[in-house]
Asker: 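There's a structure below that I have some questions on.
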Amino acid sequence: MDTILPILAGAIFATGIYMLLRQSLILTIIGIILISNSVNLALFSLGRISTENPPLIAAGSVMPEAPFANPLPQALILTAIVIGFGLLAFALALAYRSYKELGTVNQDELLEDPEDTSSAIVTHTENNENRDS
Amino acid sequence: MNGLLVLPVVIPLITATLALLFRKSSAMQRWIGVAGMAVLLVSVAMLFRDVYGDGIQVLQLGTWEAPFGITLVADMLSMLMLGISAVMGLIIAIYSIYDIDKQREQFGYYPLLHILLMGVNGSFLTGDIFNLYVWFEVMLIASFILLALGNSRNQLQGALKYVIINLFSSLIFLFGVALLYGMTGTLNMADLALRLPEVENVGLVTTVAMIFLVSFGIKAAIFPLFFWLPASYHTPPVAISAIFGGLLTKVGVYALIRVFTLLFTQDVGYTHTILIWVAGFTMVTGVLGAASHYEFRKILSFHIVSQIGYMIMGLAFNTALGLMGAIFYVLHNILAKTNLFLISGIAQRLMGTFELKQMGGLYRHYPFLAALFLISAFALAGFPPLSGFWAKLTLVKAGLSLGEYVITAVAILVGLLTLFSMTKIWMTAFWAAVPEKGVPDHFGKMPLFGAGNLYIMVVPVMIVAGLIILVGLFAQPLLEICLTAAEQLLDPSVYIEAVMGPQ
């Protein structure tokens, strides 16, 4: 496991980079998902994988029975997975919304420089109407 | 142990929750938004008093002793950053009352603004590198939504670039954390500072340092990783642009300062030389980008990049004077930059556009606004006696005392070019004649104070302009505090002892 996991993480990372550079926005996001998973794997394997006692503290003692496995990487990965899940859900929602609004997932077309930059601003008069209504 | 340390994180959380409860009522949300920022400012001031009087304050959450639990640490650098972010939060909350439309308010603008502040404050306070990642993500998710809120075409385009590059940078950061953990078996920054010098493979430590440089560099928008910033910061409403331009990149700078003074000091000759080069290119490319644009907020966005270069330069010097200059520069820049963004918003309300070529006559009809602009623009360019002068003077002095003549010359030259693009805004938007067509009817008739309630936007700008002048005129006390912060950074043993107990 000690050698397989890092190699696997590297391979997934490389695939992720390839996908990240593709033109379709969806593929780019899949790339991010892959990289996210490979980083989690790396975090897991860098915490040292071992087959030892579970890190459970028996009643009455203060330390688990040595040698025990390192529980921290799993806690870290769990946090990272949850955060990654939330962010990716948002990224997908954003991609969907952009597709609806701009009609394409091709990034060359999606990311053309906007010409008029003030459209996000509600003008003074509109704003006041909104206020009053 | 100091319980006050949780307040800068907890207060925005409570405020955000309260604001969510009153989602339907714009008036309530605005009051809660402003009041929450005011309470935050008071709590930060109380904490500042403790740090100023008694040195570094530490809180071990859940009384788990370091390095096992999560530690919150407030040293002088954290305090200065917390202080300026609380001031800016209050300013932006007031400005938002007028600037943010009802729809955005109902879709959670105020809760998001406070969650953003919570993430920023958490990043400044945490003493745990994995926890720093978590706070970064809190800050990011709030900023993602703020940037996209409103769903206009430009915002979606800006948000896509911003989201993808930032997700990527966070993953690199996490990978760096994984490597650090694999090498040392700890995540507490003070403990890391103790263990890293013991790592035999110095090359690997330097590699991790570079991974962190790339990750934080994307967030701080340094050369050559800054392209997302001018592509996205000019798209949302001005209040959001202003808080992003003022605070978010500076969180990246803070993280860089923290890791390159506390953790990665093994191979200074290599890492800090890279930082100097990066600083020089960041300054120059940023200011050249600004010179070639004619959109108010785009110019300002490129200037953010250019100014980041100065801060990295101070960090790269790695002397008390250099770090003091860098910290002072961060504080001054947050004031000046936020204020320029806020002024661009007022100008847009009056003229209906951000395109400089379609603007003009602001000086003739709104001389007071022109004066406010001049104060902030001159501060940014570094005119005495405004805040920017002292910031640049300290950095130049630090550069000369080290014999780094080239980078110092670049810094001075970039200051001149900054003045050039500020003059460009002045000549077109303020001094030129009123354009013949395309000017809204209310231009020239709507007063800054009085009917139309524009004063809600003008008063925050006046406060910040006042602060810029104050910092400029009474620079010495603040410079001394910055020097204390720099000395704490250069002598990590104080920080380590505060967190880990006597060694």
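Values in this document were obtained by computation on a predicted structure and should not be read as measured data. Lettering follows sequence order; numbering is per chain, from 1.
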Asker: Does B:Arg297 make a cation-pi contact with B:Phe354, if we ask for NZ or CZ under 6.0 Å from the ring centre and within 45° of the axis?
Answerer: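 Yes, a cation-pi geometry holds between B:Arg297 and B:Phe354.
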Asker: Check the side chains of B:Thr235 and B:Gln155 for a donor-acceptor pair under 3.5 angstrom, ignoring hydrogens and angles.
Answerer: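 No, B:Thr235 and B:Gln155 have no side-chain donor paired with an acceptor closer than 3.5 Å.
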Asker: Pick from B:Asn166, B:Val177, B:Leu174, B:Ile172: which one has the most heavy-atom pairs with chain A under 4.5 Å?
Answerer: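 Ranked by heavy-atom pairs under 4.5 Å with chain A, first place is B:Leu174.
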Asker: Return each pair, listed once, that meets ring pair (Phe, Tyr, Trp, His ring centres under 6.0 Å) where at least one residue sits in residues 76-96 of chain A; pairs must be two or more places apart or across chains.
Answerer: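 Non-adjacent pairs meeting ring pair (Phe, Tyr, Trp, His ring centres under 6.0 Å): A:Phe90-B:Phe144.
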Asker: Measuring only between side-chain heavy atoms, which start at C-beta, is B:Phe168 closer than 4.5 Å to B:Val214?
Answerer: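 Result no, sub-4.5 Å side-chain heavy-atom pair not found.
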Asker: Restricting to side chain to side chain contact (heavy atoms under 4.5 Å, CB included), what partner residues turn up for B:Gln106, sequence neighbours left out?
Answerer: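 B:Gln106 satisfies side chain to side chain contact (heavy atoms under 4.5 Å, CB included) with B:Lys102 once adjacent residues are dropped.
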Asker: Quick one: list whatever passes side chain to side chain contact (heavy atoms under 4.5 Å, CB included) with B:Ile165, sequence neighbours left out.
Answerer: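 Partners of B:Ile165 by the side chain to side chain contact (heavy atoms under 4.5 Å, CB included) criterion, ordered by chain and then number, come out as B:Ile218, B:Trp228.
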Asker: With only heavy atoms counted, which part of A:Leu87 is less than 4.5 Å from chain B, the side chain, the backbone, both or neither?
Answerer: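 Both parts, backbone and side chain.
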Asker: For B:Ala148, is it the side chain, the backbone, both, or neither that has a heavy atom closer than 4.5 Å to a heavy atom of chain A?
Answerer: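 Side chain of B:Ala148 only, per the 4.5 Å heavy-atom cut-off to chain A.
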Asker: Between B:Ser143 and B:Tyr162, does any side-chain donor sit less than 3.5 Å from a side-chain acceptor?
Answerer: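 Yes - a donor-acceptor pair under 3.5 Å links their side chains.
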Asker: Using a heavy-atom distance cut-off of less than 4.5 Å, which residues of residues 27-37 of chain A contact chain B?
Answerer: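 If one takes a 4.5 Å heavy-atom cut-off, the residues of residues 27-37 of chain A near chain B are A:Thr28, A:Ile32, A:Ile35, A:Ser36.
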Asker: In this structure, are over 12 heavy atoms from other groups packed under 6.0 Å from B:Tyr95 atom OH?
Answerer: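 Yes - once you tally the heavy atoms of other residues, nucleotides and ligands closer than 6.0 Å, there are more than 12.
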Asker: Under 3.5 Å, is there a donor-acceptor pair between the B:Thr71 and B:Asn188 side chains?
Answerer: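 B:Asn188 and B:Thr71 do have a side-chain donor-acceptor pair below 3.5 Å.
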Asker: With a 4.5 angstrom heavy-atom cut-off, could you sort out which part of B:Leu350 is near chain A: side chain, backbone, both or neither?
Answerer: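 B:Leu350 has no heavy atom closer than 4.5 Å to chain A.
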Asker: Given that the side chain runs from C-beta out, which part of A:Ile77 has a heavy atom under 4.5 Å from chain B: side chain, backbone, both or neither?
Answerer: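 Neither part; nothing is under 4.5 Å.
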Asker: Quick one: which of B:Val138, B:Leu140, B:Ile145 has the most heavy-atom pairs under 4.5 Å with chain A, could you say?
Answerer: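 Highest number of pairs under 4.5 Å: B:Ile145.
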